[in-house]
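Below is one structure, written out as structure tokens; the observations come after it.
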Amino acid sequence: RDFYKPGVRMRFYVMSVNMGVRGPEIILSRSHEDMVRTVFLQEIPEIENGEVEIKAIARDAGGRSKVAVWTDDESIDPIGSCIGQRGSRITTIIDELGGEKIDVIQYNTDSTEFIKQALSPAKVDSVTLDEENKKATAHVAEDQFSLAIGKEGQNVRLATKLTDWEISVVQNGASAEEVAE
């Protein structure tokens with residue numbers, strides 16, 4: 001959904017450079033997940049110097065991205081580092097990505113906690129895991145159900161991609177027919 005105007009500087013992710021029939025061919029992208037990673041690297045010094053690490057990215061280009069960040073240094077808040085004072089850093093990144101919404105979440109090695117974080121801004125009451133099939137069921141309150149699913153299923157879809165778990169969202173007290181995936 002970007003508009004390209006002559007003379008305006010824009011950042012792109014270089015996907016490949018090949019020798020074509022008419023000379024070099026450069027394939028550029030603004031929708032690739034690594035575009036988000038590259039912008040974070042350029043705008044956040046803690047990521048560039050390795051103090052904060054991007055563990056996973058899930059992107060619906062032009063709509064929303066979820067970025068899981070982590071650090072082993074307890075004196076650094078990885079989410080705060082990405083947001084910046086009064087949102088200054090994340091605002092720059094959002095502007096660079098054409099107004100795309102970005103959720104920065106805390107990575108966690110505990111799958112249950114990571115899935116709860118990935119479904120934010122919804123509040124998840126509990127998560128049931130099926131380790132063998134890598135499936136998770138997130139239980140949410142009635143007022144959190146639509147928030148957990150997201151517009152057109154975007155939130156749960158991005159959370160599934162981010163965590164690498166197949167996530168189903170269930171409303172507390174709901175029957176099996178009301179389960180949304």
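Values in this document were obtained by computation on a predicted structure and should not be read as measured data.
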Query raised in the report: Among L119, V69, L162, whose side-chain contact (heavy atoms from CB on, under 4.5 Å) with I105 holds?
Result: L162
For the pair [X] (side chain) and [Y] (backbone), establish whether a donor and an acceptor sit closer than 3.5 Å, ignoring hydrogens and angles.
X: N155; Y: A148; answer: yes
X: R30; Y: M35; answer: no
X: T71; Y: E51; answer: yes
X: N108; Y: D110; answer: yes
X: R89; Y: F40; answer: no
X: N133; Y: K135; answer: no
X: S120; Y: A122; answer: no
X: T92; Y: S88; answer: yes
X: R59; Y: S31; answer: yes

Query raised in the report: Looking at side-chain heavy atoms only, is the closest gap between E25 and M19 below 4.5 Å?
Result: no
Report task. Would you check, one step at a time, whether the test side chain to side chain contact (heavy atoms under 4.5 Å, CB included) holds for W70 with V52? Result -> CA-CA 6 Å; W70 175 83; V52 174; over 6 Å; no
Query raised in the report: Yes or no on salt bridge (charged side-chain N to carboxylate O under 4.0 Å, His left out) for K161 and E33, after CA distance, side-chain angles and deciding distance?
Result: CA-CA 12 Å; K161 190 173 181 184; E33 285 179 3; 2.7 Å; yes
Query raised in the report: Is the Y107 ring parallel, tilted or perpendicular to the F114 ring (thresholds 30°, 60°)?
Result: perpendicular
Report task. Decide if atom NZ of K123 counts as having more than 12 heavy atoms of other residues, nucleotides or ligands within a radius under 6.0 Å. Result -> no
Query raised in the report: Do L158 and V156 share a hydrophobic cluster, counting only Ile, Leu, Val, Met, Phe, Trp and Tyr and linking them when any side-chain heavy atoms are less than 4.5 Å apart?
Result: no
